[in-house]
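Model, not experiment: these values are computed from the prediction. Just so we're on the same page: letters track the sequence lines, and every chain starts at 1.
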There are 2 protein chains.
Amino acid sequence: MANIKEIARIAGVSVTTVSRVLNNHPYVSKDKRTAVLETIEQLNYTRNMNAVHLITGRTGAVAVILPFINSFYFSVVMDGLAQAALAAQYRLILCQTNYVPEEELKVLDMLRNKEIDGVIIVSTALNPEVIEPYTIYGPVVTCQNSGERQFSSVYIEHYAAFRHGLEYLYSKGHRRIGYCEGRQNGSSASIRQNAFQDFLAEKGLPFDPEWMIFDCIREEDGAEVARRLLDKPDRSGRPEAMMISGDHVAAGLIIEARKHGLKIPEDLAVMGFDNQPIGRLLGITTIDNQLHQMGEAAFGIIHEHINGSSLPVTRKLEYRIIERSTV
Amino acid sequence: MANIKEIARIAGVSVTTVSRVLNNHPYVSKDKRTAVLETIEQLNYTRNMNAVHLITGRTGAVAVILPFINSFYFSVVMDGLAQAALAAQYRLILCQTNYVPEEELKVLDMLRNKEIDGVIIVSTALNPEVIEPYTIYGPVVTCQNSGERQFSSVYIEHYAAFRHGLEYLYSKGHRRIGYCEGRQNGSSASIRQNAFQDFLAEKGLPFDPEWMIFDCIREEDGAEVARRLLDKPDRSGRPEAMMISGDHVAAGLIIEARKHGLKIPEDLAVMGFDNQPIGRLLGITTIDNQLHQMGEAAFGIIHEHINGSSLPVTRKLEYRIIERSTV
DNA sequence: ATATTTTATGAAATGGATTCCATAGCAAGC
DNA sequence: GCTTGCTATGGAATCCATTTCATAAAATAT
């Protein structure tokens with residue numbers, strides 16, 4: 001109802017003065033300031049932020065693109081983002097896109113439309129070259145390695161991390177190694193797959209396509225893998241060790257395998273990924289990849305971009321193996 | 001750069017006509033329409049949504065208040081919300097508040113400021129009477145039962161659901177029943193606590209304050225509870241059954257208890273809550289409380305409110321016991 | 001006493017779209 | 001031949017706050 005003009009009229013000052021009071025600018029006399037504040041109080045006035053956004057060209061909001069929030073990986077990254085955004089007094093628009101490219105493009109269009117100040121892409125179905133042109137409208141930060149681009153990124157070196165895990169299995173004497181992955185396509189998944197295949201090739205280890213299993217998303221998928229491996233009557237037809245991206249999937253596999261009397265790690269070694277609480281509980285040896293820090297860093301970078309720094313940044317995060325008892 | 005005025009000038013029409021084209025209004029001749037569309041294409045024009053928000057008084061965005069996203073409960077509800085919002089072409093602003101009242105009030109102020117069209121409160125530290133006055137600025141929906149209020153809510157009947165679980169334990173012959181809860185305060189937690197105490201009193205069952213354990217948030221807390229219970233040398237000093245709000249906590253307890261040689265459910269029956277994937281994996285008997293549907297319903301209600309329906313709605317969701325093998 | 005800086009204030013332009021209201025041509029109805 | 005209704009179009013008001021520019025008084029410096 002009430003607007004700045006009315007406040008000005010009633011307080012007997014100009015709209016400029018009201019705006020100054022609102023924004024804590026100096027050069028407002030004490031009496032006028034109190035007059036304005038009193039009128040604001042009386043009329044229960046607050047500014048219409050849409051008008052502010054229009055004139056300032058800023059909204060104090062950043063969009064976050066991810067496929068779904070209901071997964072350990074994304075909810076931890078999101079928590080890191082949200083924590084940082086809260087501290088910086090920024091708003092996050094959660095754009096859960098289900099990996100639908102059109103939806104993701106709509107979000108990038110929000111940047112053109114000036115609805116948001118920046119976009120953080122946690123995971124996307126879009127190719128980097130599709131994203132790049134949007135950077136002229138505002139800062140974009142990805143949480144995936146997207147090569148040499150005009151936008152910033154924060155990521156863990158999946159290739160190195162995964163190889164490191166494989167080296168660890170190797171050092172423990174394991175030679176027949178299998179591998180479970182989530183979605184087969186997807187940038188980090190294919191990087192991990194390369195790491196896996198390169199490693200086997202370099203070490204001259206046996207490669208059995210049946211030991212490379214995709215679409216392991218949920219706990220139950222891990223259990224299913226256990227059943228499938230146990231189906232093999234011949235023990236030598238089974239891997240000795242499994243590298244599994246996602247501790248929850250590893251947990252499913254372990255619990256199911258134990259049900260069938262398998263000893264972990266004696267009969268089957270299991271190496272997880274993501275350092276999830278369930279992994280800690282079950283004593284799963286895993287690779288911590290600092291998801292929370294990734295979120296924090298991604299927000300930090302976009303925040304800097306919004307406040308002027310225009311050069312793209314590439315930040316690699318550390319990973320480390322957490323030795324527990326499943327290898 | 002380019003605005004509607006410039007498009008109008010170059011296309012040789014009025015701004016009104018451009019606006020009509022933009023909004024698919026009828027009464028625009030074919031040639032003018034194409035002229036406008038071509039000019040838009042040429043100048044790579046998109047509208048400034050902040051101007052649209054200002055004049056229309058709508059933003060197409062809804063804020064979601066919750067303490068943290070990184071937990072099963074909240075991420076599932078959020079997923080439900082996000083799914084519904086995507087379908088309705090709405091944006092969700094994730095306001096992770098850490099249960100800090102000032103932050104929550106800031107979000108409600110966004111409603112006053114017209115930055116958002118509505119607020120969905122998944123969980124809050126604020127009392128309903130503090131929230132109520134904000135409903136004059138726009139629709140508010142809570143995911144907690146907040147009594148007779150001027151705003152809508154969607155919730156499961158925690159009291160009934162919890163009692164139902166207790167009845168189930170009772171029907172299986174358990175008499176010495178313990179209870180694990182997350183935060184001690186918090187509306188649904190205290191409702192559950194009442195249900196627990198009322199039930200014991202009515203059935204004349206033994207109540208030991210040591211069997212009522214709070215601050216069980218994480219898996220590890222459940223493991224800690226197991227250790228504490230096992231410390232009791234005397235078996236009759238231990239409960240026969242535990243009612244645990246949160247399957248992940250139940251999982252922690254079960255895994256730790258089994259490590260110490262306890263048989264579940266023979267030595268200790270465990271009933272979970274929330275129907276989480278980990279519960280399914282471990283065969284935990286639990287209560288499903290339709291969290292995803294809660295999110296969907298909450299969005300549905302706020303969407304209806306935004307589109308006119310002003311009467312507050314109260315929607316109760318069904319719950320059901322999922323019988324597995326820990327009771 | 002004069003020149004300069006600091007403080008205080010407001011008018012008007014700006015950001016960019018939507019929509020009410022007015023006007024007019026043209027077709028159909030009686 | 002006259003009224004009513006539909007299609008098409010534009011002018012101007014509206015939404016509301018920020019900021020530049022101009023002006024003037026007061027305070028400080030020379």
For DNA chain C, what residues of residues 26-37 of chain B have any heavy atom nearer than 4.0 Å? none
Separation of atom NE2 in His25(B) from atom P in dA17(C), rounded to whole Å: 15 Å
Are the side chain of Asn23(B) and the backbone N or O of Ser19(B) linked by a donor-acceptor pair below 3.5 Å? yes
Hey, is CD on Glu129(A) packed in by over 12 heavy atoms from elsewhere, all under 6.0 Å? yes
Residue pair Val52(A)/Val15(B) against DNA chain D: nearer the 5' end by closest nucleotide is Val15(B)
From dA17(D), dT18(D), dG10(D), nucleotide with atom closest to Asn3(A) side chain: dA17(D)
Side-chain N or O of Thr17(A) closer than 4.0 Å to phosphate OP1/OP2 of dG10(C): yes
Separation of atom CG in Leu54(A) from atom C1' in dT18(C), rounded to whole Å: 13 Å
Rounded to the Å, how far apart are Arg112(A) CZ and dG16(C) P? 14 Å
Glu104(B) meets the side-chain hydrogen bond (donor to acceptor under 3.5 Å, both in side chains) criterion, sequence neighbours left out, with Thr97(B), Thr124(B)
Test applied, side-chain contact (heavy atoms from CB on, under 4.5 Å); reference residue, Tyr137(A); option that passes from Ile116(A), Leu111(A), Asn113(A), Leu108(A): Leu111(A)
Would you kindly give the CG-to-C1' distance between Asn48(B) and dT18(C), to the nearest whole Å? 13 Å
Test of understanding: with salt bridge (charged side-chain N to carboxylate O under 4.0 Å, His left out), list the residues that count as partners of Lys316(B), not counting sequence neighbours. Glu157(B)
Shortest side-chain distance from Thr56(A), nucleotide among dG11(D), dT18(D), dG15(C): dT18(D)
Would one find a side-chain N or O of Asn23(B) under 4.0 angstrom from OP1 or OP2 of dT18(C)? yes
Can you tell me if the side-chain N/O atoms of Ser19(A) get under 4.0 Å from OP1 or OP2 in dT18(D)? yes
Side chains of Arg47(A) and Asn3(A): is there a donor and an acceptor less than 3.5 Å apart? no
Write down the distance between OH (Tyr45(A)) and P (dC16(D)), rounded to a whole number of angstrom. 9 Å
5' to 3', nucleotides 20-26 of chain D under a 4.0 Å protein heavy-atom cut-off (B base, S sugar-phosphate only, - none) gives B------
Which pairs pass ring-ring contact (aromatic ring centres under 6.0 Å, His included) with one or both residues in residues 69-117 of chain A, sequence neighbours excluded? Phe68(A)-Phe74(A), Tyr90(A)-Phe299(A), Tyr90(A)-His303(A)
Residue list, ring-ring contact (aromatic ring centres under 6.0 Å, His included) with His53(A), at least two apart or on another chain: none
From the options dA12(D), dA17(C), dG10(C), select the nucleotide whose nearest atom is closest to the side chain of Ile4(B). dA17(C)
Apply side chain to side chain donor-acceptor pair (under 3.5 Å) to residues Gln96(A) and Asp79(B) and explain how you reach the verdict. CA-CA 8 Å; Gln96(A) 177 165 315; Asp79(B) 196 89; 3.0 Å; yes
Within this structure, what is the NZ-to-C1' distance between Lys5(B) and dT19(C), rounded to whole angstrom? 17 Å
Interatomic distance, Leu43(A) CG vs dC16(D) P [rounded to whole Å]: 13 Å
Separation of dA17(D) atom P from Ile55(B) atom CD1, nearest Å, is 14 Å
Taking 4.0 angstrom as the limit, do Asp109(B) and Lys106(B) come out as a salt bridge? no
With heavy atoms under 4.0 Å as the rule, sort Val18(B) into base, sugar-phosphate or nothing. nothing
